[in-house]
Amino acid sequence: MNSREIVTRFKKASASQGDQQECVEVAQTADGGRAVRDSKDRAAGTQFHGPGEWAAFVAALKDGRFGG
C-alpha cells in the first residue's frame with residue numbers, strides 16, 4: 001500500500017506560468033512516493049503513487065514514451 005502521509009509541501013511546475021495554468025502539483029509522501037493533485041481543482045482529490053511507480057513514470061517521461 002502506498003503511503004498517504006504527505007511530508008512536503010505541494011509544488012507546481014515552474015512551466016505553469018502566465019497563460020499556461022493547467023498543471024499538477026506534486027508532494028513527497030513518507031515512503032518516498034508522490035502525491036499528485038490538479039492545481040486548478042484541488043478539491044477533486046489527490047492521487048498517491050508509491051516510490052517504484054513514481055520512478056517508472058519519471059523514467060518513461062525521460063525516455064519520451066508519452067509522445068512529448
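Since the model is a prediction, treat every value here as computed from it, not as a measurement. When reading the values below, keep in mind they use all heavy atoms of this one structure, side chains included, and skip hydrogens, waters and symmetry mates.
- Ile6 approaches Ala27 most closely through the heavy-atom pair CG2-CB, 3.6 Å.
- Residues Phe10 and Val26 form no side-chain contact, since every pair of their non-hydrogen atoms from C-beta on lies 4.5 Å or further apart.
- For residues 24-55, the set of pairs meeting the ring-ring contact (aromatic ring centres under 6.0 Å, His included) definition, not counting sequence neighbours, comprises Trp54-Phe57.
- With salt bridges taken as basic N to acidic carboxylate O contacts below 4.0 Å, none links Asp38 and Lys40.
- For Ala55, the side-chain contact (heavy atoms from CB on, under 4.5 Å) test picks out no residue, with sequence neighbours left out.
- Val36 and Val7 end up in different hydrophobic clusters when Ile, Leu, Val, Met, Phe, Trp and Tyr side chains are linked at under 4.5 Å.
- Remark: side-chain polar atoms of Thr29 are not paired, donor with acceptor, to backbone N or O of Arg4 under 3.5 angstrom.
- Residue pairs satisfying the salt bridge (charged side-chain N to carboxylate O under 4.0 Å, His left out) criterion with at least one member in residues 42-52, sequence neighbours excluded, are listed as follows: Glu25-Arg42.
- With rounding to the nearest 0.5 angstrom, the CD atom of Glu53 is 10.5 Å from the CD atom of Gln47.
- Between Cys23 and Ser39, the closest heavy-atom pair is O-OG, 2.8 Å.
- Listed here is the closest heavy atom pair of Arg37 and Thr46: CB-OG1, 4.0 Å.
- Applying the side-chain contact (heavy atoms from CB on, under 4.5 Å) rule to Ala56 yields no partners; only residues at least two apart in sequence or on another chain are considered.
- In this structure Asp41 satisfies the side-chain hydrogen bond (donor to acceptor under 3.5 Å, both in side chains) test with no other residue, sequence neighbours excluded.
- Remark: the backbone N or O of Arg65 is not paired with any side-chain donor or acceptor of Asp63 at under 3.5 angstrom.
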